[in-house]
*Asks:* 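One structure, as structure tokens, below. Some questions next.
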Amino acid sequence: MLEHAAKLRWHLDIVDQPAVHAWALALYRAGERHPETVTDYFPHGAVRAWWPELAEQLKRHAGDERGHAALYTRAIERLGEPVHDVDERDVFNHAIRAHTPISWAIHDGDGRDVIRLKVAHFLAHAHHLEKRVMRSLDYHVEACALRRRDHVLSVVERVHADEARHVRTTHDALIALTTEIERRVIVEMHERAEAAATSAFSARQTRTFLARLGSRVPFARRLVYAASAFVMEQSGG
Ligand SMILES: [Fe+2]
Ligand SMILES: [Fe+2]
């Protein structure tokens, strides 16, 4: 409960200042744009021959993320703030990938089984990443509702609903593609990568946000934040 109150307080402090709020939205936006900056996300073309339904699901998922990026762009503009691209180190996808000891990029000549396992890795990566983004959005939705940031609220509520669906569909597709033994190994790898990335990433974001919030947030509260490091919330929320 205390943890919930502290995290909500953190998001309220962010929402209270348009420039800081815009920066938080820019972080979310960068994650949404990540798939467009790489070639190994949503490989619908490579799976279509064997799993046409999965191909459609991946294609729709990619479209959702493009839509989310556009929604965040508009939300930042509505706050009257400039839209910036953020440093790669501020994109959580990169942080997780840095801790993921495997590549799921599909190459010409990969056979059906290799493709199946690579897509399974991608699905597990996306699943854990999106679960974490959802935990962060839980608080952001609540903070926007309490502060009546209605236009941002409508954006984050819509994104949140889509991410909840993505968390389910990536999980279901992973189950359909893999045996239980395969899945155990794959899931453990991506769970670990997410956990390892989380602490370093959260510490970095906390430092950045504290610098941006500056003295407008009382010193005692900044101390709590500095001790907690939870911008993109850790386990459980
Ligand atoms: Fe998204
Ligand atoms: Fe998503």
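Positions are given from 1 along the sequence. Atoms within a ligand are numbered from 1 in the order they appear, just like the ligands themselves.
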*Asks:* Between E32 and the Fe ion (ligand 2), is there a contact where an N/O/S atom of the residue lies under 2.8 Å from the metal?
*Replies:* no
*Asks:* Restricting to N/O/S, name the atom of H68 that gets closest to the Fe ion (ligand 1).
*Replies:* ND1
*Asks:* Between Y72 and Y28, what is the ring plane arrangement, given parallel below 30°, perpendicular above 60°, and tilted in between?
*Replies:* parallel
*Asks:* Looking at L177, is its backbone amide N or carbonyl O close enough to the side chain of R116 to form a donor-acceptor pair, meaning the two atoms are under 3.5 Å apart?
*Replies:* yes
*Asks:* Give me the atom names and distance for the closest heavy-atom approach of L123 to L174.
*Replies:* CD1-N, 3.9 Å
*Asks:* Within less than 2.8 Å of the Fe ion (ligand 2), any N, O or S from H166?
*Replies:* yes
*Asks:* Between H190 and H127 (judged by ring centroids, cut-off 6.0 Å), do the two rings come close enough to count as a pair?
*Replies:* no
*Asks:* Within the side chain of W104, is there an N or O that forms a donor-acceptor pair under 3.5 Å with the backbone of D40?
*Replies:* yes
*Asks:* Is E65 close enough to the Fe ion (ligand 2) to have an N, O or S atom under 2.8 Å?
*Replies:* yes
*Asks:* With distance as the sole test, does K118 use its side chain to make a donor-acceptor pair with the main-chain N or O of A105 at under 3.5 Å?
*Replies:* yes
*Asks:* Counting backbone and side-chain atoms alike, is an N, O or S atom of E130 positioned under 2.8 Å from the Fe ion (ligand 2)?
*Replies:* yes
*Asks:* Report whether any nitrogen, oxygen or sulfur of D162 sits less than 2.8 Å from the Fe ion (ligand 1) (N, O or S, backbone or side chain).
*Replies:* no
*Asks:* How is the N/O/S atom of E163 that comes nearest to the Fe ion (ligand 2) named?
*Replies:* OE1
